[in-house]
Amino acid sequence: MKILLAGGAGYIGSHTAVELIRAGHDVVIADNYDNSCPEVINRIEKITGIRPVEYEVDVKNKSGVKKIFDENLIDVVIHFAGLKAVGESVQLPLKYYRNNIDTTLTLLEVMEESGCNNIVFSSSATVYGEDAPAPYREEFGRGKCSNPYGWTKNMMEQILEDAAKANPELSVVLLRYFNPIGADATGLIGEDPQGVPNNLMPYVSQVAVGRREKLTIFGDDYPTDDGTCRRDYLHVTDLAIGHVKAVEYADREKGTNIFNLGTGNPYSVLEIVNAFQEANDIKIKYEFGPRREGDLPEFWANADKAKEILGWEAKRGIVDMCRDTWNWQKNNPNGYR
Ligand code: WQD
């Protein structure tokens, strides 16, 4: 199949491109490189031996997106074209609503005009909101989010679901990711945040490589065994393979279908730091600081539905996640730059 990856040069998009190519699909990447780097395309080619078709375009721009559909017979779209920094979304809510909602509307409009009926959406466990009990199950529905980033994911899911209700030909697959970490085993692609990392694993690996002095662990007084928050970390390659399964599913089913992509096994912040130290034989300097506003003590996935229906389950463990993160970071101390 020919798959359009909107926002495909980012962390999850690039790993998905590699797994789609490995599975024999044709990949078209559309990205404005707002939070990614054109070098990613060279790396995907280096890993797979195949260069994806590439469009430098803002996915909000309808004529730019239309051109892609005019020049390629797209079977399925995967929508990764979103801003994703929680803290920034609180400071700049309009930027987040404008970008994330507009990219979704543009893709759906152009798909309708072009007769493409399949879309897989990069959603997040954040849509379960603040009050859902862990483990999260798909049938819980969407809850109350604590920040504009979360609300954009919530709204984008709603828009996609409404579009599928109105068009019985449309297939929408909503993938709710838990906490992706790690990198392709080649170490040629990985997570490359701009500025100070917001997320735990890139911060840890930048401390390891000497770009940051020490990690601050946000809170040591949560109601968990060691007092630090617990999350469901999954290897980005497992997540990418989940997209391959989702694309194939979208092509044969109609309506809206929702899947959690997680391992079902949470780890605490301290367990992650210790696992990284042990897997890579490196010391990570850290201190405890106050809680970060909006963090939940713990949540993880019930991942049974993806296993039963998509035949997907996470195969890579915490040692792989820590080793592959470090392999990427030590070979690319300044990311793609
Ligand atoms: C994990 C744990 C922190 C940094 C967020 C979004 C979610 C998704 C992924 C993405 C928490 C702790 C972190 C640090 C720390 N969105 N931590 N020191 O918060 O579970 O999820 O990112 O695109 O929607 O909400 O992930 O990696 O930020 O944090 O102690 O410097 O690590 O408090 O307990 P989170 P995270």
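Counting starts at 1 for both ligands and their atoms, in listed order.
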Just need the protein heavy atom nearest to [atom], so name the residue and atom and give the distance.
atom                    : value
atom 36 (P) of ligand 1 : Asn199 ND2, 3.5 Å
atom 33 (O) of ligand 1 : Asp295 OD2, 2.6 Å
atom 18 (N) of ligand 1 : Thr216 O, 2.8 Å
atom 10 (C) of ligand 1 : Tyr149 OH, 3.3 Å
atom 12 (C) of ligand 1 : Val269 CG2, 3.8 Å
atom 6 (C) of ligand 1  : Val86 CG2, 3.8 Å

Distance under 4.0 Å to a non-hydrogen atom of [X]: what atoms of ligand 1 satisfy this?
X      : result
Asn179 : 20 (O), 21 (O), 26 (O), 35 (P)
Leu215 : 14 (C), 18 (N), 31 (O)
Cys229 : 34 (O)
Lys84  : 23 (O)
Asn198 : 4 (C), 28 (O)

Hey, looking at [atom], which of [options] has the closest heavy atom?
atom                    : options                        : result
atom 31 (O) of ligand 1 : Tyr233, Phe178, Phe218, Tyr177 : Phe218
atom 7 (C) of ligand 1  : Ser268, Ala125, Ser124         : Ser124
atom 19 (O) of ligand 1 : Gln206, Arg231, Arg292         : Arg292

Quick one: do the [X] and [Y] side chains pair a donor with an acceptor below 3.5 Å?
X      : Y      : value
Asn274 : Glu271 : no
Tyr11  : Asn199 : no
Asn99  : Lys60  : yes
Glu88  : Tyr149 : no

Taking Val172 as the starting point, is it possible to reach Tyr177 by hopping between hydrophobic residues whose side chains are less than 4.5 Å apart?
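Different clusters: Tyr177 never reaches Val172 through Ile, Leu, Val, Met, Phe, Trp or Tyr contacts under 4.5 Å.
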
Is there a path of hydrophobic side-chain contacts, each under 4.5 Å between heavy atoms of I/L/V/M/F/W/Y residues, joining Ile21 to Leu5?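 Yes: a chain of side-chain contacts under 4.5 Å links Leu5 to Ile21.
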
Less than 4.0 angstrom from a charged side-chain N to a carboxylate O is my criterion; do Arg137 and Asp304 meet it?
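Here Arg137 does not pair with Asp304 in a salt bridge, since their nearest N and O are not under 4.0 Å apart.
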
Any N or O of Leu200 that comes nearer than 3.5 Å to an N or O of ligand 1?
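Yes.
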
ask   = Does the salt bridge (Lys or Arg N to Asp or Glu O under 4.0 Å) test come out yes or no for Glu19 and Arg22, once each step is laid out?
value = CA-CA 5 Å; Glu19 296 309 324; Arg22 285 177 175 152; 2.7 Å; yes

key: More than 12 heavy atoms from other groups under 6.0 Å of CG on Leu73   =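 12 or below, so no.
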
So, is the end of the Arg43 side chain (NZ or CZ) under 6.0 Å from the ring centre of Tyr336 and within 45° of the ring's axis?
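Here Arg43 fails the 6.0 Å and 45° test against Tyr336.
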
